4 protein chains.
Amino acid sequence: MTTITTQQDILDVATAEFAAHGFAGARVDEIAARTRTTKRMIYYYFASKDDLYLAVLERAYAHIRAVERDVRVAELSPADALRTIAEATYDHHTTHQEFMRLVSTENILRAQHLRRSPTILAENSSAIGVLEQVIARGVATGDFRDDVDALDVHMMISAYACFHVANRHTFDAIFGRDMLDPALQPAHRALIGDMIVATMTCRARTGG
Amino acid sequence: MTTITTQQDILDVATAEFAAHGFAGARVDEIAARTRTTKRMIYYYFASKDDLYLAVLERAYAHIRAVERDVRVAELSPADALRTIAEATYDHHTTHQEFMRLVSTENILRAQHLRRSPTILAENSSAIGVLEQVIARGVATGDFRDDVDALDVHMMISAYACFHVANRHTFDAIFGRDMLDPALQPAHRALIGDMIVATMTCRARTGG
Amino acid sequence: MTTITTQQDILDVATAEFAAHGFAGARVDEIAARTRTTKRMIYYYFASKDDLYLAVLERAYAHIRAVERDVRVAELSPADALRTIAEATYDHHTTHQEFMRLVSTENILRAQHLRRSPTILAENSSAIGVLEQVIARGVATGDFRDDVDALDVHMMISAYACFHVANRHTFDAIFGRDMLDPALQPAHRALIGDMIVATMTCRARTGG
Amino acid sequence: MTTITTQQDILDVATAEFAAHGFAGARVDEIAARTRTTKRMIYYYFASKDDLYLAVLERAYAHIRAVERDVRVAELSPADALRTIAEATYDHHTTHQEFMRLVSTENILRAQHLRRSPTILAENSSAIGVLEQVIARGVATGDFRDDVDALDVHMMISAYACFHVANRHTFDAIFGRDMLDPALQPAHRALIGDMIVATMTCRARTGG
DNA sequence: AATGAATGAGAGTTCATTCAT
DNA sequence: AATGAATGAACTCTCATTCAT
């Protein structure tokens with residue numbers, strides 16, 4: 001009981017610290033200070049800064065995985081399904097900003113930790129299945145173009161959602177617009193749906 | 001002459017180092033080692049790691065600013081102009097990956113350096129002007145919807161282009177697809193154009 | 001039964017670990033890991049790293065003591081008796097290398113543990129008795145010089161035998177000869193006998 | 001000027017510390033505390049504890065090498081030459097006890113540092129040359145047996161001299177005799193000469 | 001008789017920076 | 001204008017040991 005709670009306490013604080021400062025910028029001392037335990041306990045439970053970071057990453061990925069798996073799109077039209085998936089991703093990323101910041105950090109590190117994690121790799125790659133089915137249905141009905149696959153769609157949706165969080169500060173600094181301003185949220189949430197549906201229902205211009 | 005070259009040498013190496021490891025992960029010693037001068041010279045010319053990083057950032061932003069300014073869209077239809085701008089951004093980001101990695105790093109730091117740089121802020125915010133004109137034309141002709149402004153369009157274009165570079169490693173690790181694979185480039189380049197034109201020419205679904 | 005075996009298991013593993021890495025270099029965690037029990041049990045049975053080390057040392061000294069006691073030299077000529085004792089010591093040290101390594105380690109620690117052990121001190125100092133009798137016989141017959149006592153002889157024999165084990169690695173590194181190479185063993189075994197007999201049967205040169 | 005002195009200061013203190021506690025038992029903090037500089041300087045000059053230890057070892061070996069090289073034996077009879085060499089080794093080891101303690105420590109570490117040192121390996125292996133010439137002369141005159149080579153003789157001499165220092169504490173603890181007691185020194189110094197000359201001038205017993 | 005969970009103190013090492021010329 | 005030598009502060013991590021049952 002105590003054990004589990006202490007580990008979770010460490011993970012919570014570590015998530016915030018790594019999200020706030022990146023891997024290299026995060027301080028084990030700082031994590032310990034914000035925890036109810038000591039630095040020694042971090043090493044007792046997680047062995048090293050790298051392994052702690054990996055544990056943080058795995059928990060964050062497990063969470064978005066659960067969100068993706070729980071989206072119900074079976075009864076929706078292909079277009080509405082796509083919009084629903086896009087909105088769910090947008091909602092997750094904007095309400096769990098630490099996830100995106102961890103992903104940015106992990107990319108700085110060339111995904112070296114992620115590649116070591118069988119769970120993340122297996123579970124998250126399979127999450128693309130729902131999208132594949134929706135697109136197959138849309139292509140079958142003639143609603144969707146057939147030259148853009150599920151991974152491309154996932155890429156566009158993620159790109160839009162990620163950008164709001166990952167580039168929030170530089171965007172705000174340069175243009176004076178905070179993309180995560182609650183007042184903008186409804187419009188941005190609608191726009192991602194429009195964008196993805198419009199893209200899939202238009203005819204490709206290139207090479208035409 | 002020699003002085004200028006030494007400074008540029010330092011900037012080149014520092015750009016690579018900061019892009020490779022982020023701000024906190026970058027090592028002044030390592031930068032010095034890869035330079036033809038010594039660590040002492042870095043401090044002589046740039047005063048601190050922070051200031052060196054800012055100089056690197058300013059030079060990187062100056063470059064993309066030049067690209068955006070040089071896009072010629074006056075004679076193109078609004079849709080083609082949009083597509084051209086999107087492709088130029090995509091081209092820049094994918095061929096200057098260090099820029100995106102610096103931007104990711106700067107966002108981890110909550111844009112603290114960028115906010116200190118009058119040049120970056122002034123020049124880059126003005127770069128939105130070209131886009132504003134194109135959209136105004138498209139809205140006037142009735143080709144474009146009028147509820148999405150230039151900043152939104154810039155955001156969508158940037159999101160798409162940035163994602164390819166910023167999230168390359170995690171995407172590749174999870175899905176086994178390298179978004180920067182040259183073989184994928186033509187399709188991805190076309191897709192960003194389709195995406196942005198389709199989005200601007202469709203009717204908004206939300207709230208309708 | 002089980003208890004005794006567990007303690008012996010710990011002692012066996014600890015002997016190997018202390019012999020391999022010295023006292024300061026040995027790790028209680030490592031000893032525990034190579035044992036069928038846990039680290040907690042080491043403290044349960046041996047109280048501390050120091051006490052465990054002392055137990056290891058005592059067992060090792062008890063063993064060589066038994067060897068020395070069992071040498072049968074009563075019917076041999078003084079010279080042959082000396083040779084037999086020298087060979088027995090050589091055989092023991094070269095076939096129980098961990099003993100010598102423990103002794104080296106204990107000397108690094110200025111024999112601080114050994115001085116705390118009444119058993120080692122009492123039993124091992126009495127082991128010199130056999131040698132005293134042999135030398136007394138040799139001196140009486142006029143075969144041996146009378147200005148070298150049993151402790152000196154023990155010292156020379158031990159020095160030769162210990163050196164093979166204690167300095168094996170530096171000697172091999174510098175000269176490329178492994179003193180414990182089985183092929184060299186017969187010659188080295190003969191040489192220690194020659195050396196000790198020749199020394200005791202020669203006339204002292206010094207001061208003469 | 002200052003630099004050289006600081007480095008030597010560190011080396012002197014480190015030699016004492018490593019000799020006193022072995023490699024694993026030595027503390028960088030302790031070395032720093034006994035130095036006129038700080039711990040940081042140790043790392044500045046020597047990079048790591050391992051490298052500092054190697055530097056200590058190299059200097060210690062360089063010293064004995066110089067002693068061995070300076071022994072003048074050309075005009076002496078083979079037997080006297082052998083005795084002179086043996087006494088020189090005995091003198092060096094007993095007056096530079098830290099050397100022997102470092103060698104013991106290095107053997108605990110399986111000569112891992114020494115094997116990395118080209119200087120030690122090259123210079124010290126060549127030191128056997130003087131001994132080879134003396135033995136060749138003695139064999140030629142018929143004074144020496146011909147089945148014991150220079151390395152064997154070096155081994156016997158070293159074994160005797162090393163034992164006095166390396167096993168001093170256990171020997172003293174068990175037998176109550178301090179082998180390095182100045183009062184014993186003349187006898188011990190004579191004995192090593194007797195031992196090595198007697199061994200080389202006697203006829204081998206083995207296999208006879 | 002036996003043990004899983006927890007830990008205080010200190011280890012070696014690294015980092016951006018400044019001193020002094 | 002340019003630089004080699006030096007450094008304080010902080011970092012990640014380890015180790016023998018004890019708490020609590």
Side-chain angles (χ1 to χ4, degrees), chain A residues 1-7 23-33 36-53, chain B residues 1-4 6-7 23-32 37-53, chain C residues 1-4 6-7 21 23-32 37-53, chain D residues 1-7 10 23-33 36-53:
Chain A
M1 208 32 80
T2 306
T3 299
I4 293 172
T5 305
T6 296
Q7 281 182 265
F23 178 77
R27 296 288 166 249
V28 177
D29 270 313
E30 185 62 24
I31 294 171
R36 93 172 72 88
T37 33
T38 64
K39 180 165 59 165
R40 184 64 189 76
M41 283 295 94
I42 293 174
Y43 284 90
Y44 179 64
Y45 286 122
F46 298 99
S48 72
K49 186 183 180 182
D50 268 87
D51 286 359
L52 172 60
Y53 175 73
Chain B
M1 225 3 99
T2 307
T3 299
I4 293 172
T6 295
Q7 281 181 266
F23 178 77
R27 298 288 166 252
V28 177
D29 271 308
E30 184 63 24
I31 294 171
T37 29
T38 64
K39 181 163 58 161
R40 191 63 191 76
M41 285 297 93
I42 293 175
Y43 283 88
Y44 182 66
Y45 286 120
F46 298 97
S48 72
K49 186 185 181 183
D50 271 86
D51 287 356
L52 172 60
Y53 176 73
Chain C
M1 238 341 120
T2 306
T3 298
I4 293 172
T6 295
Q7 281 181 266
H21 305 292
F23 178 76
R27 297 290 167 251
V28 177
D29 271 308
E30 185 62 24
I31 293 171
T37 30
T38 65
K39 181 164 57 162
R40 191 63 191 77
M41 285 299 93
I42 294 174
Y43 283 88
Y44 182 68
Y45 286 121
F46 297 98
S48 72
K49 186 184 181 182
D50 269 87
D51 287 357
L52 172 61
Y53 176 73
Chain D
M1 215 26 82
T2 307
T3 299
I4 293 173
T5 304
T6 297
Q7 281 182 265
I10 293 171
F23 178 77
R27 296 288 166 251
V28 177
D29 271 313
E30 185 61 25
I31 294 171
R36 93 172 73 87
T37 33
T38 63
K39 183 164 58 160
R40 184 64 190 76
M41 282 295 93
I42 294 174
Y43 284 89
Y44 179 65
Y45 286 122
F46 299 98
S48 71
K49 186 182 180 184
D50 269 86
D51 286 358
L52 172 61
Y53 175 73

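Residue numbers begin at 1 in each chain, while the letters A, B, ... track the order of the sequences. A quick note: this is a predicted structure, and the numbers were derived from the prediction, not measured.
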Does a side-chain N or O of B:Y45 approach OP1 or OP2 of F:dA1 to a distance below 4.0 Å, or not? no

Value for CE (B:M41) from CD (B:Q7), rounded to nearest 0.5 Å, stands at 10.5 Å

Nearest-Å distance, CD1 (D:I31) to P (E:dA11)? 11 Å

Contact string for nucleotides 15-21 of chain E, one letter per nucleotide 5' to 3', B = base within protein heavy-atom range under 4.0 Å, S = sugar-phosphate only, - = neither, reads BBBBBB-

Who pairs with D:D50 by salt bridge (Lys or Arg N to Asp or Glu O under 4.0 Å), at least two apart in sequence or on another chain? none

Value in whole Å for how far the P atom of F:dC15 lies from OH of A:Y44: 16 Å

Which residues pass the ring-ring contact (aromatic ring centres under 6.0 Å, His included) test with C:Y53, not counting sequence neighbours? C:F18, C:F23, C:H113

Give the rounded distance in Å between these two atoms: CZ of D:F46 and C1' of E:dT13. 16 Å

A:M41 CE to F:dT12 C1': how many Å, rounded? 16 Å

Please check if the side chain of A:K49 supplies one atom and the backbone of A:A26 the other of a donor-acceptor pair under 3.5 Å. yes

A:I42 CD1 to F:dC11 P, in whole Å, measures 13 Å

Starting at OH of A:Y43, measure out to CG of A:D51 and round the result to the nearest 0.5 Å. 10.5 Å

How does DNA chain E look in dot-bracket notation if pairs are Watson-Crick or G-U with both distances under 3.5 Å, crossing ones as [ ], other-strand ones as |? .||||||||||||||||||||

Walking DNA chain E from its 5' end, the first of C:T37 and A:T38 to be reached, judged by nearest nucleotide, is C:T37

With sequence neighbours excluded, tell me which residues meet salt bridge (Lys or Arg N to Asp or Glu O under 4.0 Å) with C:K39. C:D29

One should read off an interatomic distance between D:T38 OG1 and D:Y44 OH, to the nearest 0.5 angstrom, of 12.0 Å

Sub-4.5 Å side-chain heavy-atom contact between A:V28 and A:L52: no

